Amino acid sequence: MHLTESSEMYLATIMILEKELGHVRVVDVAEELEVTKPSVTKAMNHLMKEGYIHKELYGNITLTPEGITVATEVVKKRAMIVSYLERSLGLSHDEAVKNACRMEHVISEEMLQAIKSFLQEEKHPGSKN
């Protein structure tokens, strides 16, 4: 199943907040993404129905194994893009994060592999992947 950009963003945000706060509630997600609590509740109900999260009534939100898989991929992709934007273009961390959050949802696999190759080459000049 192909997730929307919004769904991917919610899953990644849940994963990041859980690492930072130890727990995640609707209000935490709403504050982090600067959206309304009703918008988050609607999205959480959809993600719960699709099997990506568990949500206690008025309580914590946790990722299912499927949700963890998706969120991990999104977070890894974002980190790779951030690193590329900082290293190749000299963007500040904040600017790189802001742009990576937009790019991660639309970037092609070919572009992602090119970024990965660039970063590997930068770490190990002269080596082949």
Side-chain angles (χ1 to χ4, degrees):
M1 173 188 180
H2 178 73
L3 288 170
T4 65
E5 177 180 332
S6 177
S7 293
E8 287 181 351
M9 186 69 75
Y10 279 113
L11 292 172
T13 300
I14 293 166
M15 175 176 270
I16 291 166
L17 288 174
E18 188 168 25
K19 286 181 182 174
E20 288 177 4
L21 306 174
H23 65 278
V24 182
R25 298 168 298 141
V26 166
V27 67
D28 302 320
V29 176
E31 287 174 5
E32 181 70 20
L33 294 177
E34 298 178 349
V35 297
T36 65
K37 289 187 280 185
S39 293
V40 175
T41 298
K42 182 178 178 183
M44 294 306 105
N45 288 337
H46 174 74
L47 290 171
M48 191 166 46
K49 181 180 167 191
E50 296 296 322
Y52 291 103
I53 67 164
H54 296 294
K55 181 181 172 296
E56 300 168 8
L57 189 60
Y58 303 109
N60 292 334
I61 302 164
T62 56
L63 297 169
T64 64
E66 294 84 4
I68 291 169
T69 299
V70 172
T72 299
E73 285 306 308
V74 172
V75 169
K76 283 170 53 176
K77 188 186 298 186
R78 182 183 301 166
M80 193 181 315
I81 297 168
V82 167
S83 183
Y84 172 76
L85 293 173
E86 290 173 336
R87 293 177 185 180
S88 68
L89 302 179
L91 294 181
S92 70
H93 182 72
D94 289 344
E95 187 66 18
V97 168
K98 183 171 62 174
N99 283 280
C101 285
R102 292 184 188 121
M103 294 171 66
E104 69 195 19
H105 306 286
V106 296
I107 194 168
S108 70
E109 189 58 35
E110 185 177 350
M111 177 73 168
L112 194 59
Q113 288 306 313
I115 289 171
K116 186 175 184 179
S117 294
F118 173 86
L119 293 171
Q120 288 174 341
E121 177 63 27
E122 189 180 61
K123 272 187 182 174
H124 310 286
S127 68
K128 297 287 183 195
N129 295 341

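The chain is numbered in sequence order, starting from 1. The structure displayed is predicted, hence computed values, not measured ones.
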Original post:
Are any of the side-chain heavy atoms of Lys98 and Asp94 separated by less than 4.5 Å?
Top reply: no
Original post:
Sub-3.5 Å donor-acceptor pair from the side chain of His105 to the main-chain atoms of Cys101, do we have one?
Top reply: yes
Original post:
Is it true that a side-chain atom of Thr13 and a backbone atom of Val29 form a donor plus acceptor pair closer than 3.5 Å?
Top reply: no
**OP:** Compare all side-chain heavy atoms of Glu50 with those of His46 and state whether any distance is below 4.5 angstrom.
**Re:** yes
Original post:
Is the closest side-chain donor-acceptor distance between Thr4 and Ser7 under 3.5 Å?
Top reply: yes
**OP:** Mind checking the OH-CD1 spacing from Tyr84 to Ile107? Nearest 0.5 Å is all I need.
**Re:** 9.0 Å
Original post:
Given Val40 and Tyr10, is the side chain to side chain contact (heavy atoms under 4.5 Å, CB included) satisfied, shown in steps?
Top reply: CA-CA 8 Å; Val40 175; Tyr10 279 113; 4.0 Å; yes
Original post:
So how far is it from Ser88 OG to Ile115 CD1, rounded to the nearest 0.5 Å?
Top reply: 8.0 Å
Original post:
Rounded to the nearest 0.5 Å, how far apart are CE of Met103 and CG of Leu85?
Top reply: 5.0 Å
Subject >> Any side-chain heavy-atom pair of Thr62 and Glu56 under 4.5 Å >> reply: no
Subject >> salt_bridge(Glu104, Arg78) N-O dist < 4.0 Å >> reply: yes
**OP:** Mark yes or no for whether Ser83, through its side chain, and Ala79, through its backbone, hold a donor-acceptor pair below 3.5 Å.
**Re:** no
Original post:
Between CD of Glu95 and CG of Leu89, what distance do you get to the nearest 0.5 Å?
Top reply: 10.5 Å
Original post:
Between Glu18 and His23, does any side-chain donor sit less than 3.5 Å from a side-chain acceptor?
Top reply: no
Original post:
Who pairs with Thr36 by side-chain hydrogen bond (donor to acceptor under 3.5 Å, both in side chains), at least two apart in sequence or on another chain?
Top reply: Ser39
Subject >> Check: Arg25 main-chain N/O paired with Asp28 side-chain donor or acceptor under 3.5 Å >> reply: yes
Original post:
What residue among Leu63, Val70, Ile61, Leu11 forms side chain to side chain contact (heavy atoms under 4.5 Å, CB included) with Leu47?
Top reply: Leu11
Original post:
Using a distance-only test with no angle check, is there a side-chain donor-acceptor pair under 3.5 angstrom linking Ser108 and Glu110?
Top reply: no
Original post:
Tell me, do His93 and Glu86 make a side-chain contact under 4.5 Å, heavy atoms counted?
Top reply: yes
Original post:
Where do Val26 and Lys37 come nearest, in terms of heavy atoms and distance?
Top reply: CG1-O, 3.7 Å
Original post:
Between CE of Met44 and OH of Tyr52, what distance do you get to the nearest 0.5 Å?
Top reply: 13.0 Å
Original post:
In Å and rounded to the nearest 0.5 Å, what is the NZ to CD1 distance from Lys76 to Ile81?
Top reply: 13.0 Å
Subject >> Side-chain touch Val24/Asn60, heavy atoms, less than 4.5 angstrom >> reply: no
Subject >> Within-4.5 Å side-chain heavy-atom neighbours: Ile16 and Lys19 >> reply: no
